[in-house]
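Computed from a prediction, not measured in an experiment: that's the story for all the values here. Just so it is clear: chains get the letters A, B, ... in the order the sequence lines come, proteins before strands, and each one is counted from 1. All heavy atoms count here, side chains included; hydrogens, waters and symmetry mates do not.
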Number of protein chains: 2
Amino acid sequence: MKNFCYEYERPAVTVDAVIFGFAEASLKVLLIKRGIEPFKDKWALPGGFIQMQETAEDGANRILKKETNLEGVFMEQLYTFSAVNRDPRERIISIAYFALVKQDDYQAQAGDDETSAEWFEINKLPSLVFDHEKILRTAMYRLKGKIRYQPIGFELLTDKFKLSQLQDLYEVILETSIDKRNFRRKILQMELLIDTEEKEKNVAHKAAKLYKFDKNKYDELSKKGFNFEI
Amino acid sequence: MKNFCYEYERPAVTVDAVIFGFAEASLKVLLIKRGIEPFKDKWALPGGFIQMQETAEDGANRILKKETNLEGVFMEQLYTFSAVNRDPRERIISIAYFALVKQDDYQAQAGDDETSAEWFEINKLPSLVFDHEKILRTAMYRLKGKIRYQPIGFELLTDKFKLSQLQDLYEVILETSIDKRNFRRKILQMELLIDTEEKEKNVAHKAAKLYKFDKNKYDELSKKGFNFEI
DNA sequence: CCAAAAGTGTTCTTTATACACCCATGT
DNA sequence: ACATGGGTGTATAAAGAACACTTTTGG
């Protein structure tokens, strides 16, 4: 049974993923209900042991795919958690990632497997196992810091979005209110949004224009020293 | 000999440290000459296997102490490198840290052991083993990004410094030139420097005032939402 | 016609940038 | 006396912050 032997004791290594979504003007996190001990039936971040033939990033993508059936979304290494007793069983080091997904895509594609994954509003979280609350706090802190200087907010919205959705997103994540006119001017002045010429439909008010984020243009400008900032 | 057996195969886990110093107006990194195979006598970042009773941060501090005899300096987790073949022997995952040390302190205290550690100017590096060049690039990128928004530059200077030293530091790390008057005004307006009432001595020109960074005041202001920015 | 969200400009304040000369000290 | 780096102020441009009304649409 125990076939892998080493000269020195080794910690186990896992990968955990903080998967953020945004819907109904609130920030959400995907949690899974543990199916095994320890802490069976408690909520946890999706994760698993790293495989010998995969990088940590591969592992994080594998977990993302398993839980959401999504691939190719924004994903970034968050931090490596190595407290000696973070797992009651044995020494386990966790390399944590955070991902930003377009929640509508997920809702369309997932639901076809029976893992008990569920979206939780960031302000209505259950208690989590191990040090997962700490990991989640770290992820939120990172997201909050990063969204102002990199155009990652768009990763949480559908491809076409209206400016008020983008503003809602910033307001929720940064926990501030932003002046509508100043926000719109600032975003539009960057010239990173493509006007799709479409409008939202069937709303009981003036229909909003829909925009797309121009990733190619952003990449171009970045090379020339442009810095995104909200 | 191989006494530690597990049900599943496990990667080994190491900690590597990118230790930055600043002297003679240039940024330096501490490298060690490897004493063992593989790559014996090649230059590498200081590092070692993580111990079962220490966190990664403890490990990084242990390595820092071993190589420089310093403790309590600025240290922060950088990134975890997990490419499958980054080490030719076997799968080794490295949790990398970066540290900022006051190089003068080091020169005063170290030299009492015979490890072949040596400071290299960042622009005159030898080639490094494994993926250590990648780790170093990652560290420099992080340092460059971070120094503008957190007062970590002071960690590289002696306790008392003159403004031109601080400016040199920013110019070297950011790879730009900065207007002297604008720089001085910006730094002094923050009111985070304490005028020590001392001046440099024995220089063939007007003696510069010496300042200290007021960490307590910075911590206070941070709590109230102040953001350091150069 | 009413409710609900979209869309739009101007003024004022703050911050960033560009720029050149005199001062103190040791040799 | 001279070479070296220290120290200082102002004017202009750019960016940020504050603020209220009209428009479009479905019910």
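- Side-chain N/O atoms of B:K186 include one lying less than 4.0 angstrom from OP1 or OP2 on C:dA16.
- Formation of a donor-acceptor pair under 3.5 Å by the A:K102 side chain with backbone atoms of A:D159 is not found in this model.
- Each of A:V203 and B:H205 has a nearest nucleotide on DNA chain D; the 5'-most of these lies closest to B:H205.
- As rounded to whole Å, 10 Å separates atom C1' of D:dG7 from atom CG of B:L163.
- Of the residues near DNA chain D, A:N202 and A:K180, the one whose nearest nucleotide (by heavy atom distance) lies more toward the 5' end is A:K180.
- One can place NZ of A:K201 at 20 Å from C1' of D:dG27, the figure rounded to the nearest angstrom.
- B:T158 places no side-chain N or O within donor-acceptor distance of the main-chain N or O of B:F161, the cut-off being under 3.5 Å.
- Look at CD on A:Q189: it is 14 Å from C1' on C:dT8, rounded to the nearest Å.
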Where do A:F81 and A:F130 land on the ring-ring contact (aromatic ring centres under 6.0 Å, His included) test, with the steps shown first? CA-CA 11 Å; A:F81 294 84; A:F130 309 128; over 10 Å; no

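- In this structure, A:E198 atom CD and C:dA6 atom P are separated by 17 Å, rounded to whole Å.
- Distance from the side chain of B:A207 is smallest to C:dT25 among C:dT25, D:dG9, C:dA6.
- Under 4.0 Å is where a charged nitrogen must lie from a carboxylate oxygen, and between A:D219 and A:K215 at least one such pair does.
- Between the side chain of A:Q77 and the backbone N or O of B:Y79, no donor-acceptor pair lies under 3.5 Å.
- The side chain of A:E200 lies closest to C:dA6, out of C:dC19, D:dG6, C:dA6.
- Atom-to-atom, CZ of B:F183 to P of D:dT8 comes out at 15 Å; the value is rounded to the nearest Å.
- One atom, CZ of B:R185, and another, C1' of C:dT15, lie 10 Å apart when rounded to the nearest Å.
- Contact of B:K162 with D:dG6 (side chain to base): no donor-acceptor pair of N or O atoms is detected under 3.5 Å.
- Side-chain nitrogen and oxygen atoms of B:S164 include at least one within less than 4.0 Å of the OP1 or OP2 phosphate oxygen of D:dG6.
- The nearest heavy atom of DNA chain C to B:K206 and to A:K209 marks one nucleotide each, and the one closer to the 5' end goes with A:K209.
- The base of C:dT10 does not come close enough to the side chain of A:R181 for any donor and acceptor atom to sit less than 3.5 Å apart.
- The distance from atom CD of B:Q167 to atom P of D:dG5 is 14 Å, rounded to the nearest whole Å.
- Comparing D:dG6, D:dA17, D:dG9 against the side chain of A:N182 picks out D:dA17 as the nearest.
- A straight line from CG of A:D179 to P of D:dA15 spans 18 Å, rounded to a whole angstrom.
- When the nucleotides D:dG6, C:dT10, C:dT8 are ranked by their closest atom to the side chain of A:R184, C:dT8 comes out on top.
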